[in-house]
Amino acid sequence: MERSLLVAGFGGQGVMLIGKNIGYTASKKDLNATFFPAYGAEMRGGTANCSVVVSDSKICSPVKQELDEIIVMNDLSYEKFAGRVKKGGALYINSSLIEAKYEGDDITTYYVPVADIARKVGNPLVANMVMLGAYVANHEDIDVESMKETIKENLHGKENLIDVNIKAFEEGINLMKGGTQ
Amino acid sequence: MERSLLVAGFGGQGVMLIGKNIGYTASKKDLNATFFPAYGAEMRGGTANCSVVVSDSKICSPVKQELDEIIVMNDLSYEKFAGRVKKGGALYINSSLIEAKYEGDDITTYYVPVADIARKVGNPLVANMVMLGAYVANHEDIDVESMKETIKENLHGKENLIDVNIKAFEEGINLMKGGTQ
Amino acid sequence: MNDKLFVKGSEAIAEAAVRAGCRFFAGYPITPQNELPEYMSWRLPEVGGTYVQGESEMASMNMIFGAASTGTRCMTSSSGPGLSLKAESLSCALGSKLPHVMAIMMRGGPGHGIIFPAQQDYEFAVHGPCHGGVKQFILAPSTAQEAVDLTYSSFDIADKYRTGVLILGDGFLANTIENVTFPPMKKLEDLPQHKDWKITEYDPNHHKLITSYFPPEIMEQENIKMGQMYEYWEEHETQYQNYLMDDCEILICAYGSTGRICEEVVDELRNEGLKVGLFRPITLHPFPKKVFEEIDYNRVKLIVSVEMAIPGQLVEDIKNYVARRTRVEHFGRSGGVLINPGEIKEAIHKMVEE
Amino acid sequence: MNDKLFVKGSEAIAEAAVRAGCRFFAGYPITPQNELPEYMSWRLPEVGGTYVQGESEMASMNMIFGAASTGTRCMTSSSGPGLSLKAESLSCALGSKLPHVMAIMMRGGPGHGIIFPAQQDYEFAVHGPCHGGVKQFILAPSTAQEAVDLTYSSFDIADKYRTGVLILGDGFLANTIENVTFPPMKKLEDLPQHKDWKITEYDPNHHKLITSYFPPEIMEQENIKMGQMYEYWEEHETQYQNYLMDDCEILICAYGSTGRICEEVVDELRNEGLKVGLFRPITLHPFPKKVFEEIDYNRVKLIVSVEMAIPGQLVEDIKNYVARRTRVEHFGRSGGVLINPGEIKEAIHKMVEE
Amino acid sequence: MEIVYKKSSNFIEAGHSFCPGCSHGIAHNIMMDTIDEMGLAEKAILVYPVGCAANAMTYVKPNVVHAPHGRAPAVATGIKRCAPDKFVVLYQGDGDLAAIGMAETIHMANRGEHVTTIYINNTIYGMTGGQMAPTTMMGQITTTTREGRGLHGEGQPIKMCEMISTLGEPKFVARYALDNAKHVIEARKGIKKAFQMQVEDKGYAFIELLSMCPSNWHLSPKDSVKYMEEEVIKTFPLGVYKEEV
Amino acid sequence: MEIVYKKSSNFIEAGHSFCPGCSHGIAHNIMMDTIDEMGLAEKAILVYPVGCAANAMTYVKPNVVHAPHGRAPAVATGIKRCAPDKFVVLYQGDGDLAAIGMAETIHMANRGEHVTTIYINNTIYGMTGGQMAPTTMMGQITTTTREGRGLHGEGQPIKMCEMISTLGEPKFVARYALDNAKHVIEARKGIKKAFQMQVEDKGYAFIELLSMCPSNWHLSPKDSVKYMEEEVIKTFPLGVYKEEV
Amino acid sequence: MAYVTIDAVLCKGCQLCTLQCPKELLYLSEEYNQSGYNVVKQKEGDECVACKLCAYMCPEAAITVYK
Amino acid sequence: MAYVTIDAVLCKGCQLCTLQCPKELLYLSEEYNQSGYNVVKQKEGDECVACKLCAYMCPEAAITVYK
Ligand SMILES: Cc1ncc(C[n+]2csc(CCOP(=O)(O)OP(=O)(O)O)c2C)c(N)n1
Ligand SMILES: Cc1ncc(C[n+]2csc(CCOP(=O)(O)OP(=O)(O)O)c2C)c(N)n1
Ligand code: SF4
Ligand code: SF4
Ligand code: SF4
Ligand code: SF4
Ligand code: SF4
Ligand code: SF4
Ligand SMILES: [Mg+2]
Ligand SMILES: [Mg+2]
């Protein structure tokens, strides 16, 4: 089993945290995982993306040309990356910001209005956790409780934000379980 | 025709100037000449030597293992270099400071009491010019007047010292012409 | 601290160094390796060591110079521009036989500041990095785990040969977070004590002088000894990964991150029917040249050096060692463009067809 | 000023630079080349140029960086330690395509400060001198006259290719005084004006930006173009001296001062009955590799690289180019020990007997 | 209706890529407005450093030279000596100017090159993600001083104006802050004076601008203003340190 | 009969190789006499620079580290941080300390490392043959200022004591001269105080010694004394610049 | 009679301007721009005195002041 | 009763000592040492006060002072 994921958006959308949480949660399960971040230019806006590979055997390349799954959080990322999902793979789209619709049926697409939900939850900055929830909902091999632990650990020093992040994450799961497409 | 010379002594004895004057005077005559200085360590006492090669054709190596002629101005230089004169070559020895006598008759030796003469001339610092005179006296192809010009040119900025240097140079010639050995 | 962690390459190297006995670190910020000094800044004080943020790469290197002369295991890190800036004092440190470790995480270049991974400093590091013909011992890990293991041993190498060890990685290695298991913390008492040369030991009968200045005749002797040491290394200290080399017809040569990426390429090309193998040098100096004497050039029809460098750099050395006994090609990306397995495969297919 | 002079190598280079149109010099004291900046300090103001004594080698290199961006012909000089210190900004300057000339007079090393001649920075200069895989154009004069001629043309090369030219000499070249004839003073109006890139020309429609920073994709294109330029150089810009190579059975390879010394060795060995020739590369980068394709390896039984370097450095490149087609050996001295024709002869005799 | 303030035409239309609330933007506006006002755009050569400042290299229209990290003073020296009729401005961050570039900074100031330095002191290495800079304040938390500067022999924040004004050649040395409009207006006056000096060939001017880096201070822009007022300005007193014009 | 002064036993018997009348010799005598007096020979680690000073590396008996040119402060930092119980003295020339090593000097002083700097200011690059140094005086003739410093934008001589005393951490900053016995005696007292401070872990001390380089001043030792009295000391006023002990 | 316009494309919602306005005319709106920032707007009315303080403080030079 | 001795091997004849002696007891002799320097000597007599000024000034530490 090897699964590759790319998460892309603009700086400030927290795309890194989505990827890091997925990689870290996998690593706790004795899977191999790699997380590779790519910033447009350091510290400032622009686009950012990260690659996550999870595998039960050795991981060679931490970045791939074609990916099993891609999460895009803004227009630019959609344009740049949507075409790189493997046949049969999945594309997660932040439909609050991205208006485009994917044409073609070789992959599965999920349109997740993460910003809207985040605002509902009370903090527009946790849209990333909504997306994470949506992603996790689709993966039975990712343990929800373990992921919640990860989210908490990665908020070390910002404990006051734990609740809203967890809430957003749960909303993402619910949304998916409810079924969106 | 190619003639190689090494001049050695301690810093402050003016060995560089002997060599430079010989090289420069040759260069004025449309001969090729190279002058290569080697200081023990910069700016401070220690030993110093220079290599001069004069030739009517291209000069390859500006330093040689065996030399046609060597001038030694102090004990250390005598010990280090006397053995490097080619068979048939000449060794000029500052006999005011060096007590040793060269053993063997494969080369010609000149014992020149340059310091004594310099003191006589009135300035112990011009011993080098006495040695230069002695050397020039033995070389008919070096024009004495041209050498005097060279000496003057190389005293640029110290014009007050020209006379005593020329005097010392002439004393060196006279001594040789008088014949010492 | 846990022995198993999901951790960034840079941080993995830092922790491994601390466990190897490193107790002094000086460095200066530069992407893509900032997490290494940042980690050291809190971790070293925790174990009684010292972190100093140098005012420059050069100052950092010279702090290492000082620390090393006390016999303390010490380290600095940077990227290519920092290696350039350390060059002069590195020459002095190597000439003064001061054991130290340096981690350099390469990024695109030349010049001012691309922050993405590249391998464009290979030739500089291996053939260059400073004046006077001295060389470092160079290790090129391909994964965080290997970085840990090599860093751990690098201090022993530095001490054993009184030399500098360069851990040459890139932005991939530095920034990839992955699973790592750490070796145990070494006891300082068990490390070499260097009483014969370290300047903190005073012996009225033996003046200790740390310098790379010698009169010419002695310097020449030093040069000769260094040369002999490099030859000894080549004989005894080379390391490389042989991945399906033994029956291969196409041999990929790649080091560091590109090496790990190429393992995947080998697997996939084998699946596609090409008999491909991978030679991944782990020591870049000494280089495992002998491998090229053992290759059956009747079998191996093509050697491809894959690097994040254009023009190719490793490929020039490979050509040298192969000495025209078979075809040698280069494929690479550079300037911070990420290389990926797909395009490498494609490139090799194309070479085969030619 | 006289066109013919009995003059030190360092000063000859300085005067040739001035005549080639150099109008800015920045440098920092270091033996064995102090006479070069010293000469510039009075000579440049005389012709309306500028001399600045930098506070360091690095600052000097960066002053050159600034001067070059105004399109002014400019120069710096140092020895091996200085080349090391200039490495980082050199990488930026080469990446920013700023034409400049640098003279480096090698001395024994590594490290702190031997002042005698050596050639221990060959590998560093040719394969190293900075990060990011950029390279300089390297000229290695063997006599003061050749230094003058090469320096004079070096500024044209720098301008033509928007690159850096390194004049790589040593303490012999720098300090030997000999006869030199100077070429005429160039008129500044006749030099390239660089209006398209120099930052003193303002054009509202064309923002001028001197940098070596580019996004990865563009940087990669830059890398590719640089690589192509180096190949072009190899095709069109190599220079070497062929001294009795055409019928030789033993070929000496030597550059710079050692090259001139070896001419004498060739003559003497020929007198002693050995058919010896000399290959003296004048461009070290681009290297005249093609020569090694034209050699008749049935005739040439031995190639000896003679260098003031131990371990040998040029010899490694020669081995690469010869690719085992004949025997390649090394003879050298290093650390500031002067090499002389006698011992070279002796060494070759010994090799022949082996 | 008349426009009394608008974005300088010396910028390209698209904005810059500084973080929200970053003082680099304010400093650039001052610099460009003043260049406009004095009609210097064609004569100007801007020397940029390595650091966040460099983000603006392609945002400005006057010609630019991008110096290696810390070496802008040496680069500017080369430029000004070869083109004395040009108007040369160095724009440098505190890491660039006061750490790696300390020697170059002092020596250029000491030579009294006829150029102008604009020194963006945001007490941090911005571009590389918030490490301690020479200017980081006592107790300030950074990625390399997790418990605040001062516990491990880091020394005290370096005050460049104070140091540079001990030198003989510099003619105008002053420190301003960019935390509120009043301070910005003072900074505008100071920069104008410095530029005027260069135009009149009156020697070297050094202008320090206390700046905010909300991203690496881990504060909102509003809280950054507070931090500036309450902490930074106390450590780095504003004012003219030397004036010999 | 009692010996009241003799050559320190911390020197090897053979003399050093400084030129006649060179102040490096005097400075060494002070340094070694004081080390003797305070019983510090075994604890001492001397950090030498590149420059004429380095001639004495093999002349002294305490352990020595030879730093790359200008970097003695960084090297000393590494030493002292790893061996805080040792007594670390930096001995540097003006080219080494104030030109290429300026950044390292300022930053070590600013960190307040517990070491002592002895700064030999002879207004010239001695070792390399007399080029202009940052400290060369206005009008002074050197091999790179043939008509005297000041005609080509070289700026004014840099005064390290003045600059360093603006920093927070240094505790003792003073300038002495080695031109006559009275001054030498004062220098001896200053150096002893500085050494004492280090022994008591009281912070950083910077001691500047105005020194003579007869060879490159092209003056006899006697005339060098005159030049010091009449010129050098006027440019570099003697005295204690900072004392916070 | 005076007023300011704020370029919604350039504004990054840092609110440095709002702190400066002596009349407290500027406020962070709910509106997002294409980069995802909330943008600042000026309150309706004619209190603006064109003092330019907001504009001097805006890092984006997003504010144009009219009088 | 006091006097100084001058190590003729070490002395480089710089005469810095002669300038310092309050009693003007030191002079440059005609004698050369092995390095070629004229060496300094102390005049005969018992005027020396062992003030050490000469010794403090000697760069070669060639002077030993006895009392
Ligand atoms: C030689 C070199 N060393 C280090 C770096 C990494 N680097 C990039 S920007 C920077 C400094 C940023 O700090 P500062 O000058 O304060 O500017 P700011 O980003 O805070 O405006 C550093 C160290 C580099 N590019 N080059
Ligand atoms: C990196 C480097 N640059 C330059 C030199 C050449 N160099 C040797 S000593 C020296 C400085 C001498 O001046 P100073 O520090 O004033 O000491 P002094 O000799 O006057 O006592 C220099 C520049 C060197 N050895 N290394
Ligand atoms: S990191 Fe700091 S200095 Fe850099 S752009 Fe962001 S706020 Fe400005
Ligand atoms: S050159 Fe000057 S500093 Fe150097 S030893 Fe001679 S007198 Fe002393
Ligand atoms: S111009 Fe003045 S009054 Fe008008 S909005 Fe701006 S700050 Fe407020
Ligand atoms: S200061 Fe400018 S960028 Fe910031 S909120 Fe106001 S208008 Fe927007
Ligand atoms: S000790 Fe005093 S009195 Fe005696 S010789 Fe020396 S200086 Fe003169
Ligand atoms: S000071 Fe010392 S070296 Fe100089 S003359 Fe006197 S005794 Fe001799
Ligand atoms: Mg900053
Ligand atoms: Mg000096």
Side-chain angles (χ1 to χ4, degrees), chain E residues 1-34 36 52 55-56 59-60 120 122 177-189 211-215 219-226 228-229, chain G:
Chain E
M1 227 57 250
E2 191 199 345
I3 292 180
V4 294
Y5 188 85
K6 71 172 204 313
K7 181 171 167 177
S8 162
S9 59
N10 278 325
F11 291 121
I12 61 159
E13 304 248 319
H16 55 65
S17 59
F18 298 124
C19 308
C22 172
S23 300
H24 274 300
I26 304 176
H28 267 78
N29 292 337
I30 304 178
M31 185 160 68
M32 286 309 160
D33 288 347
T34 313
D36 271 350
C52 285
N55 298 339
Y59 174 53
V60 298
I120 303 296
N122 57 12
L178 302 182
D179 57 335
N180 62 44
K182 186 173 147 274
H183 283 156
V184 168
I185 289 169
E186 280 162 21
R188 285 183 168 259
K189 285 188 197 141
S211 297
M212 304 183 290
C213 172
S215 296
L219 295 173
S220 70
K222 278 186 172 178
D223 289 341
S224 299
V225 169
K226 221 181 286 168
M228 271 277 261
E229 280 164 3
Chain G
M1 264 302 295
Y3 66 96
V4 307
T5 59
I6 294 153
D7 188 330
V9 174
L10 295 179
C11 177
K12 289 182 183 159
C14 68
Q15 300 185 64
L16 291 181
C17 53
T18 63
L19 286 177
Q20 299 307 317
C21 180
K23 309 285 177 184
E24 300 187 12
L25 300 177
L26 303 171
Y27 67 98
L28 194 66
S29 74
E30 293 278 288
E31 232 165 78
Y32 287 88
N33 66 11
Q34 63 187 32
S35 310
Y37 297 114
N38 284 97
V39 296
V40 155
K41 300 201 165 172
Q42 189 179 32
K43 286 183 193 153
E44 310 264 317
D46 56 3
E47 284 177 79
C48 175
V49 294
C51 66
K52 301 190 284 188
L53 297 185
C54 55
Y56 281 156
M57 204 58 198
C58 175
E60 313 301 320
I63 303 181
T64 309
V65 185
Y66 294 84
K67 195 163 88 174

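Chain A is the first sequence line, chain B the second, and so forth, proteins listed ahead of strands; every chain is numbered from 1.
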[X], part contacting chain G, at a heavy-atom distance under 4.5 Å:
X: E:Ile30; result: neither
X: E:Met32; result: neither
X: E:Val4; result: both
X: E:Asn180; result: both

Measure the shortest side-chain to side-chain distance between [X] and [Y] over non-hydrogen atoms and say whether it is less than 4.5 angstrom.
X: E:Phe18; Y: G:Pro59; result: no
X: E:Pro214; Y: E:Pro20; result: no
X: G:Gln42; Y: G:Cys48; result: yes
X: G:Cys11; Y: G:Ile6; result: yes

Pairwise side chain to side chain donor-acceptor pair (under 3.5 Å) hits with a residue in residues 52-67 of chain G, at least two apart:
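Every side chain to side chain donor-acceptor pair (under 3.5 Å) pair that includes a residue of residues 52-67 of chain G, provided the two are not neighbours, is E:His16-G:Glu60, G:Lys12-G:Glu60.
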
Kindly indicate, with the supporting measurements, whether the criterion side chain to side chain contact (heavy atoms under 4.5 Å, CB included) is fulfilled by E:Met212 and E:Val225.
CA-CA 7 Å; E:Met212 304 183 290; E:Val225 169; 3.7 Å; yes

Segment of [X] engaging chain E (4.5 angstrom heavy-atom cut-off):
X: G:Cys54; answer: neither
X: G:Thr5; answer: neither
X: G:Ile63; answer: backbone
X: G:Gln15; answer: both

Between G:Val4, G:Val9, G:Asp7, G:Leu16, which residue shows the highest count of heavy-atom pairs closer than 4.5 Å to chain E?
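Top option by heavy-atom pairs under 4.5 Å: G:Leu16.
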
Interface residue of largest heavy-atom contact number with chain G, from E:Ser224, E:Gly21, E:Gly15, under 4.5 Å:
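Going by pairs under 4.5 Å, I would pick E:Gly21.
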
Which of E:Lys182, E:His183, E:Glu13, E:Arg188 touches chain G most, by non-hydrogen pairs under 4.5 Å
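The answer is E:Arg188.
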
Please test E:Lys7 against G:Leu10 for side chain to side chain contact (heavy atoms under 4.5 Å, CB included), starting from the C-alpha separation and ending with a verdict.
CA-CA 11 Å; E:Lys7 181 171 167 177; G:Leu10 295 179; 3.7 Å; yes

Hey, is CD on G:Glu24 packed in by over 12 heavy atoms from elsewhere, all under 6.0 Å?
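Open: at most 12 neighbouring heavy atoms sit under 6.0 Å from CD of G:Glu24.
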
Within the 3.5 Å criterion, strictly below it, is a donor on E:Asp36 or E:Ser8 matched to an acceptor on the partner's side chain?
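Note: E:Asp36 and E:Ser8 side chains meet the donor-acceptor criterion.
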
Compute whether any side-chain donor of one residue and acceptor of the other, for E:Tyr5 and E:Asp33, lie under 3.5 angstrom apart.
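Yes, E:Asp33 and E:Tyr5 have a side-chain donor paired with an acceptor closer than 3.5 Å.
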
Those residues of residues 25-33 of chain G, ordered by number, that approach chain E below 4.5 Å (heavy atom to heavy atom):
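If one takes a 4.5 Å heavy-atom cut-off, no residue of residues 25-33 of chain G lies near chain E.
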
Closest approach of E:His24 to E:Asn122 (non-hydrogen atoms, all atoms of both residues)
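Residues E:His24 and E:Asn122, closest heavy atoms: NE2-ND2, 4.4 Å.
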
